[in-house]
Amino acid sequence: MPNAKAYSAASATSPLASSTIVRRDLTPDDIQIEILYCGICHSDLHQARNEWKDVFATVYPCVPGHEIVGRVAKVGSAVTKFKVGDLAAVGCMVDSDGTCPDCKEGLEQFCPNFTLTYNSPDKHLGGVTYGGYSESIVVREKFALKVPANLDLAGVAPLLCAGITTYSPMRHWGVGPGKKVGIVGLGGLGHMGVKFAHALGAHTVVFTTSPGKKEDALRLGADEVVISKNPEEMQRHLFSFDFILDAVSAEHDVNAYLQLLKRDGHMVLVGAPEKPLQVAAFNLLFGRKSLSGSPIGGLKETQEMLDFCGEKGITSDIELIPIQKVNEAYERLLKSDVKYRFVIDMASLKG
Ligand code: NAP
Ligand code: ZN
């Protein structure tokens with residue numbers, strides 16, 4: 001079985017460091033991808049540090065990374081979708097049972113037996129799966145997506161998680177012309193949310209704790225920007241939103257946003273903070289408002305999102321870093337200091 005260079009965390013408190021992992025030999029429907037770029041999602045940090053221990057305890061060593069783009073280096077004997085040299089992308093899932101009602105509807109993200117790209121039981125090798133902070137990955141062709149040829153490849157990587165995670169709930173809840181849509185938190189997910197809400201034709205309002213991001217928010221497609229720490233600015237939007245997407249990574253007050261929904265308005269959490277959030281019942285009762293959550297997206301919708309990005313020329317705004325700077329990037333992520341997604345240039349792993 002082939003070895004691959006990677007970066008892994010040995011424990012919740014150790015920095016990520018260079019390591020070697022094993023990738024499986026190709027089965028007939030597998031492809032091997034030489035990874036060119038991998039985005040850094042805040043979920044990578046949550047999991048490398050075992051912050052989701054109550055739901056998804058991290059098994060070490062942990063190789064994060066689920067925003068993967070690269071070139072197909074090998075194909076199994078039954079592969080039909082890809083040939084050697086093609087571009088291919090992998091997001092948060094690498095397998096599912098294919099037989100449950102969710103899989104049959106193309107909603108693999110709800111399959112009770114799905115395999116996440118990292119930190120999920122590995123059916124082939126035992127132990128857990130290893131993600132994209134690595135020079136290569138072996139994956140079923142079904143779980144690899146086609147990359148539009150016209151887009152900047154490094155800027156495509158974040159679409160595989162930040163992109164689909166914001167696109168999917170907007171499509172599900174009908175974001176479009178005539179709707180007033182709020183995006184809370186202008187980070188990796190949030191900035192993709194702004195691009196999609198704008199591209200789908202909604203009136204888009206960004207809520208940020210960082211006054212310095214105001215100009216960027218407008219450039220990314222926001223019609224208005226609210227500094228959420230300023231109560232008067234918040235008050236101006238009471239009872240006015242159809243839909244609010246909350247992409248905040250840390251503890252914060254969701255009630256402040258529930259109050260901004262109009263009757264029957266809807267707020268969806270895509271952010272996954274470590275600690276539970278408190279909801280005041282009256283903020284839902286008055287106005288028959290609803291609050292829900294949404295995880296990533298299925299394969300069909302992920303391909304639809306990539307194709308939509310190809311048509312509209314949408315990519316992520318990125319800061320390209322060598323893998324040796326990954327620990328520094330994690331610290332900056334915690335300070336909301338990224339515009340707006342770190343992407344690892346995997347060529348740096350070869351040196
Ligand atoms: P990120 O780039 O770090 O962005 C998070 C943003 O949240 C920050 O830029 C900041 O925006 C805001 N924020 C941070 N701390 C805050 C605080 N204490 N109070 C209020 N706002 C704060 O993270 P990301 O990669 O976009 O991920 C966001 C969250 O989504 C993470 O929890 C991640 O695990 C989760 N996630 C979920 C899914 C899913 O399937 N649902 C998929 C991927 C990621 P401002 O500076 O604008 O305030
Ligand atoms: Zn992610």
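Note that ligands are numbered from 1 as they come in the structure, with each ligand's atoms numbered from 1 the same way. We use all heavy atoms of the structure for the numbers below, so side chains are in, but hydrogens, waters and symmetry mates are not.
When each atom of ligand 1 is checked for a heavy atom of Gly185 under 4.0 Å away, the hits are 11 (O), 47 (O). The Thr208 neighbourhood of ligand 1 comprises atoms 45 (P), 46 (O), 47 (O), 48 (O), with distances under 4.0 Å to a heavy atom of that residue.
The shortest N or O to N or O distance between Gly190 and ligand 1 is not below 3.5 Å. Considering backbone and side-chain N/O of Tyr340, none are found under 3.5 Å from N/O of ligand 1.
Nearest-heavy-atom check against atom 15 (N) of ligand 1 across Cys92, Pro169, Ala250, Ser43 picks out Ala250. Across Asp216, Leu186, Leu189, heavy-atom proximity to atom 26 (O) of ligand 1 is greatest for Leu189.
Neither the backbone nor the side chain of Ala162 comes within contact range of ligand 1; no heavy atom lies under 4.0 Å.
Defined by atom type and a distance below 3.5 Å, a donor-acceptor pair is missing between the side-chain atoms of Ser136 and Glu34. Side-chain N/O atoms of His198 and Thr204 include no donor and acceptor closer than 3.5 Å. Between the side chains of Thr27 and Asp29, at least one donor N or O sits under 3.5 Å from an acceptor N or O. A donor-acceptor contact under 3.5 angstrom links the side chains of Gln303 and Asp307, judged on distance only. Between Asp216 and Tyr340, the side chains place a donor N or O and an acceptor N or O closer than 3.5 Å (distance only, hydrogens not considered).
Residue contacts with ligand 1: His191 is excluded, as none of its non-hydrogen atoms falls under 4.0 Å. Ligand 1 has at least one atom lying under 4.0 Å from a heavy atom of Trp52.
Here Asp317 does not pair with Lys339 in a salt bridge; the nearest charged N to carboxylate O distance is not below 4.0 Å.
Among protein heavy atoms, the minimum distance from atom 23 (O) of ligand 1 is reached at His42 CB, 3.2 Å. Scanning the protein for heavy atoms near atom 7 (O) of ligand 1, the closest one is Val248 CA, 3.6 Å. Nearest protein heavy-atom contact of atom 28 (C) of ligand 1 is Ala247 O, 3.4 Å. Among all non-hydrogen protein atoms, the one lying nearest atom 39 (C) of ligand 1 is Thr165 CG2, 3.4 Å. The protein atom (non-hydrogen) at minimum distance from atom 25 (O) of ligand 1 is Arg341 NH1, 2.6 Å.
Listed by chain and residue number, the protein N/O/S atoms under 2.8 Å of the Zn ion (ligand 2) are Cys41 SG, His66 NE2, Cys161 SG, with waters left out.
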